[in-house]
Colleague: 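Structure provided below as structure tokens; questions to follow.
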Amino acid sequence: MSTSIKDEDGNPIFPEKIKVKRKRSAKVCFICRQRKVRCDVIKRHPCTNCESFGFDCVIAERKERKKSEIDTASNSPTDGLKNDTDNTNNNDNNDNTSNTNNTDNNESNDSKLDTSDESNKKRKIDENNFKPTKDFAKKYPELMSIKLNPEKVVQINYRDAANKEFMGVSANQTTSTLLTGYIDHILKDSTLISHFGLSDLDLKALSIVGCFTLPEENLCWKYINNYFETIHKFIPILNKNSFMKNYQDLKNPPSLFLLQAVIAAGSWSLGRDSAKEAIKSMEISKILNRKWESLYMTGIESDPIPLCQSLLIFSFVAGGPTLNKKNVYYWVRTAVITAQSFGMHKDVSSVPTLSNQEKRLYRRIWWYCIIRDKNCSIGYGRPPCIRPDDTNIPMLSADDFIEEDEILKLPLKYPKDDQIIEFAIQDAKLTKIIDILFYYYAQIDKVIKHGGNPKPIIEYCDIIMI
């Protein structure tokens, strides 16, 4: 005979109705706690999640509850409410007098609970009164040490910006003539220019976040050097010698947008040796990321090269392990769409308006848009944004990494790393193979749907991967 679990009334309890309380782990790492996922750091270190995603597995310290907090929790109005509801459930068969007494008690407890909810709401509202400038200046004053002049760092050439943004480099002569005439009309009227520039409200918002400030000079160069040591090798879209020369004066950067992106990215992997240092490092990175993101939201950058470079750099460090809507996949797609709007997906070898250095950077930026798109597509299980038919740009080569000083036959202060260049070229070739695999894997679904045998296609895909 089959045995079944029954409740107090003799009714059988089905397995799906049995609630099993999951045991909480005695220890959990900082990343798993932030993601709110199960952690197995007790059995192995690093834990499975951190090892899979390549994060530093730092065990989070538990905060001990104070005795006063435990006492207040035990005497909270919700406990009284639970006791009253238990009493009413146990005394269901009592007379009407006892029921009315229980009802009165419940009403009094409900009133207490309502007042506590109001106090909790008021407390939450007070906590949300966040003043970024004052809080950041007090906690991390070193992040806002260098003050920049907004009038110098925010300079937009409206004619060049509009031509590049609306037409890219592939527009015909008729469109170019019409748009140039429209821009000249705008430039003659100061009231129309104000609609295209930053308003006083935008400048005030950027100042509150601290966008027109930089960390201390030593700290800035520490972040910049760390960027070139850790991130640049995986996404070499900057010319190190040109960057170090052009951004030597931090108070007058050619592109504040790009500078803030490099500093924010360089701060991401510093100071992760202990739990306290990891928390502090993440707070600093979030502050610097917020500066860059605020600059992006106001559209402060008009030059396509630093704009796309910054988006690709930010896609490498954005989001992190958190389940954020603006994660790596979001910023990669933003970089791809922005690069396409400027015509970087087309071959610019014969475009007379671009210098040779700009053409090389265009090719490198677009190829890393392709590489990042394919990597995120495989890693996140999302469809790729770029199709092979959308571009006619030639394959990445070592000539695309030539810097200006080499053309002028000047000695390079920072020698190029041939391994980084070779890795980039092989990475670009790998995307071609991935495109082929994507195509044939799509054919497998069609063959199976029509009752065919997909084995020959699978074997061909295996041969490609060898």
Side-chain angles (χ1 to χ4, degrees), residues 136 140-149 152-154 209-273 277-278 280-296 300-301 303 305-318 320 331 335 357 361 364-365 368 372 401 403-405 410-417 419-421 424:
F136 295 165
Y140 301 108
E142 68 275 10
L143 297 182
M144 298 189 178
S145 177
I146 300 176
K147 308 294 181 183
L148 303 177
N149 185 1
K152 289 185 178 180
V153 295
V154 183
V209 179
C211 296
F212 301 118
T213 61
L214 294 174
E216 295 175 353
E217 188 170 355
N218 294 334
L219 197 58
C220 279
W221 289 113
K222 181 180 179 181
Y223 292 150
I224 292 170
N225 290 328
N226 185 63
Y227 164 81
F228 282 103
E229 290 173 4
T230 57
I231 298 175
H232 178 72
K233 62 179 72 175
F234 299 106
I235 182 168
I237 53 176
L238 298 179
N239 291 329
K240 186 175 181 180
N241 287 278
S242 300
F243 183 89
M244 291 297 192
K245 184 188 298 181
N246 296 332
Y247 289 83
Q248 191 171 5
D249 184 7
L250 295 174
K251 291 186 177 181
N252 295 302
S255 172
L256 176 64
F257 190 63
L258 179 59
L259 179 60
Q260 293 284 20
V262 171
I263 291 174
S267 68
W268 195 255
S269 60
L270 285 176
R272 301 291 177 95
D273 297 333
E277 290 182 358
K280 181 181 177 181
S281 177
M282 292 186 74
E283 287 181 353
I284 290 174
S285 298
K286 286 180 180 179
I287 293 170
L288 297 174
N289 287 356
R290 193 178 291 114
K291 289 184 183 183
W292 179 90
E293 208 167 340
S294 300
L295 291 171
Y296 172 74
I300 195 173
E301 184 58 65
D303 194 336
I305 290 177
L307 175 58
C308 294
Q309 286 173 334
S310 303
L311 289 170
L312 284 172
I313 290 169
F314 201 71
S315 73
F316 205 83
V317 296
W331 289 112
Q357 187 63 26
L361 286 172
R364 281 162 61 182
I365 290 170
Y368 268 95
R372 296 290 295 148
F401 293 87
E403 299 196 26
E404 294 179 357
D405 290 346
L410 297 174
L412 295 177
K413 187 176 181 180
Y414 304 96
K416 292 193 300 182
D417 192 340
Q419 289 184 349
I420 294 176
I421 297 173

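What you see is a predicted model; the values in this text were computed from it and never measured.
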Colleague: Look at the side chain of Lys233 and the backbone N and O of Glu229, then say whether any donor-acceptor pair between them is shorter than 3.5 Å.
Modeller: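 Yes.
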
Colleague: Does any non-hydrogen side-chain atom of Ile305 lie less than 4.5 Å from one of Ile365?
Modeller: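 In contact.
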
Colleague: Which atom pair, heavy atoms only, marks the closest approach of Lys240 to Glu403?
Modeller: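 Closest approach of Lys240 to Glu403, heavy atoms only: N-OE2, 3.8 Å.
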
Colleague: Nearest 0.5 Å, please: how far is CD in Gln260 from CD1 in Ile300?
Modeller: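 It comes to 9.0 Å.
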
Colleague: Answer whether the closest heavy-atom distance between the side chains of Tyr296 and Ser310 falls below 4.5 Å.
Modeller: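 Sidechains of Ser310 and Tyr296: no contact.
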
Colleague: Contact between Leu238 and Gln309 at the side-chain level, heavy atoms closer than 4.5 Å - yes or no?
Modeller: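 In short, these two side chains touch, coming nearer than 4.5 Å.
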
Colleague: List the residues meeting ring-ring contact (aromatic ring centres under 6.0 Å, His included) with Phe257, not counting sequence neighbours, and say none if there are none.
Modeller: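 Testing Phe257 for ring-ring contact (aromatic ring centres under 6.0 Å, His included), a comparison that skips the adjacent residues, returns Trp292.
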
Colleague: Indicate yes or no for a side-chain donor-acceptor contact from Asn239 to the backbone of Asn241 under 3.5 Å, with no hydrogens or angles considered.
Modeller: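 The answer is no, because no donor-acceptor pair under 3.5 Å joins these two groups.
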
Colleague: Could you tell me how the ring of Phe316 sits relative to the ring of Phe234: parallel (under 30°), tilted (30 to 60°) or perpendicular (over 60°)?
Modeller: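 Phe316 vs Phe234 ring planes: parallel.
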
Colleague: Begin with the C-alpha distance, continue with both residues' side-chain angles, and end with the deciding distance and a verdict on ring pair (Phe, Tyr, Trp, His ring centres under 6.0 Å) for Phe228 and Tyr414.
Modeller: CA-CA 11 Å; Phe228 282 103; Tyr414 304 96; 7.9 Å; no

Colleague: Mind listing the closest non-hydrogen atom pair of Lys251 and Ile146 along with its distance?
Modeller: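 What the structure gives for the nearest pair is CG-CG2, 3.8 Å.
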
Colleague: Under the criterion side-chain contact (heavy atoms from CB on, under 4.5 Å), I'd like the reasoning laid out for Trp268 against Ser281: C-alpha separation, chi angles, the key distance, then a yes or no.
Modeller: CA-CA 7 Å; Trp268 195 255; Ser281 177; over 6 Å; no

Colleague: Around atom NZ of Lys416, are there more than 12 heavy atoms of other residues, nucleotides or ligands at under 6.0 Å?
Modeller: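 Counting other residues, nucleotides and ligands, NZ of Lys416 exceeds 12 neighbours.
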
Colleague: Has the side chain of Ser315 got a donor or acceptor atom that lies under 3.5 Å from a matching backbone atom of Leu312?
Modeller: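 Yes; judged by distance alone, with no hydrogens or angles, the pair exists.
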
Colleague: Mind checking the OG-OH spacing from Ser285 to Tyr223? Nearest 0.5 Å is all I need.
Modeller: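 These two atoms lie 7.0 Å from each other.
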
Colleague: I'd like to know if the side chain of Ser267 reaches the main chain of Ala264, judged simply by a donor and an acceptor atom lying under 3.5 Å from each other, with no hydrogens or angles considered.
Modeller: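 Side chain of Ser267 to backbone of Ala264: a pair is present.
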
Colleague: Using the rule given for side-chain contact (heavy atoms from CB on, under 4.5 Å), can you reason through Ile224 versus Met244, listing the C-alpha separation, both sets of side-chain angles and the distance that settles it, and then say yes or no?
Modeller: CA-CA 9 Å; Ile224 292 170; Met244 291 297 192; 3.8 Å; yes

Colleague: Between Leu258 and Val262, does the side-chain contact (heavy atoms from CB on, under 4.5 Å) criterion hold? Intermediate values first, please.
Modeller: CA-CA 6 Å; Leu258 179 59; Val262 171; 4.2 Å; yes

Colleague: So Ile237 and His232, do their side chains get closer than 4.5 Å, heavy atoms only?
Modeller: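 With C-beta onward as the side chain, the pair stays apart.
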
Colleague: Rounded at 0.5 Å granularity, tell me how far CD in Glu283 sits from CG in Leu143.
Modeller: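 It is 10.5 Å, given to the nearest 0.5 Å.
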
Colleague: Taking atom CD of Glu217 and atom CG of Asp249, what is their separation to the nearest 0.5 Å?
Modeller: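 Glu217 atom CD to Asp249 atom CG measures 8.5 Å (nearest 0.5 Å).
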
Colleague: May I ask you to decide if Asp303's main-chain N or O and Glu301's side chain share a donor-acceptor pair within less than 3.5 Å?
Modeller: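 At least one qualifying donor-acceptor pair exists.
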
Colleague: Which atom names give the shortest non-hydrogen contact between Gly266 and Asn226, and what distance separates them?
Modeller: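 For Gly266 and Asn226, the tightest heavy-atom pair comes out as O-ND2, 2.6 Å.
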
Colleague: With a 4.5 Å cut-off on side-chain heavy atoms, are Leu148 and Leu256 touching?
Modeller: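 When only atoms from C-beta onward are counted, Leu148 and Leu256 do touch, with a gap below 4.5 Å.
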
Colleague: So how far is it from Ser242 OG to Tyr247 OH, rounded to the nearest 0.5 Å?
Modeller: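 Reported value, rounded in 0.5 Å steps: 10.5 Å.
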
Colleague: Which heavy-atom pair separates Met144 from Gly210 by the least distance, and what is that distance?
Modeller: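 Smallest heavy-atom distance, with atoms named: CE-CA, 4.1 Å.
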
Colleague: With a 4.5 Å heavy-atom cut-off, do Ile263 and Cys220 have their side chains touching?
Modeller: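 They are in contact (side-chain heavy atoms under 4.5 Å apart), so the answer is yes.
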
Colleague: I need the minimum non-hydrogen distance between Pro236 and Phe401, along with the two atoms involved.
Modeller: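 Looks like O-CE2, 3.8 Å.
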
Colleague: The criterion is side-chain contact (heavy atoms from CB on, under 4.5 Å); which residues satisfy it with Ala265, sequence neighbours excluded?
Modeller: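 side-chain contact (heavy atoms from CB on, under 4.5 Å) check on Ala265 returns Tyr227, Ile231, Ile313, Val317.
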
Colleague: In the structure I gave you, are the side-chain heavy atoms of Leu288 and Tyr140 within less than 4.5 Å of one another anywhere?
Modeller: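 They are not in side-chain contact.
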
Colleague: Output the distance between atom CG (Leu295) and atom CG (Leu259), rounded to the nearest 0.5 Å.
Modeller: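 Going from CG on Leu295 over to CG on Leu259, the span is 10.0 Å.
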
Colleague: Which pair of heavy atoms, one from Cys211 and one from Ser294, lies closest together, and at what distance?
Modeller: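 Closest approach of Cys211 to Ser294: SG-CB, 3.7 Å.
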
Colleague: Would you check if Phe314 and Asn289 make a side-chain contact, meaning some heavy-atom pair closer than 4.5 Å?
Modeller: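 Sidechains of Asn289 and Phe314: in contact.
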
Colleague: Going by side chain to side chain donor-acceptor pair (under 3.5 Å), name the residues that satisfy it together with Lys222, two or more places apart in sequence or in a different chain.
Modeller: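 Result, side chain to side chain donor-acceptor pair (under 3.5 Å) vs Lys222: none returned.
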
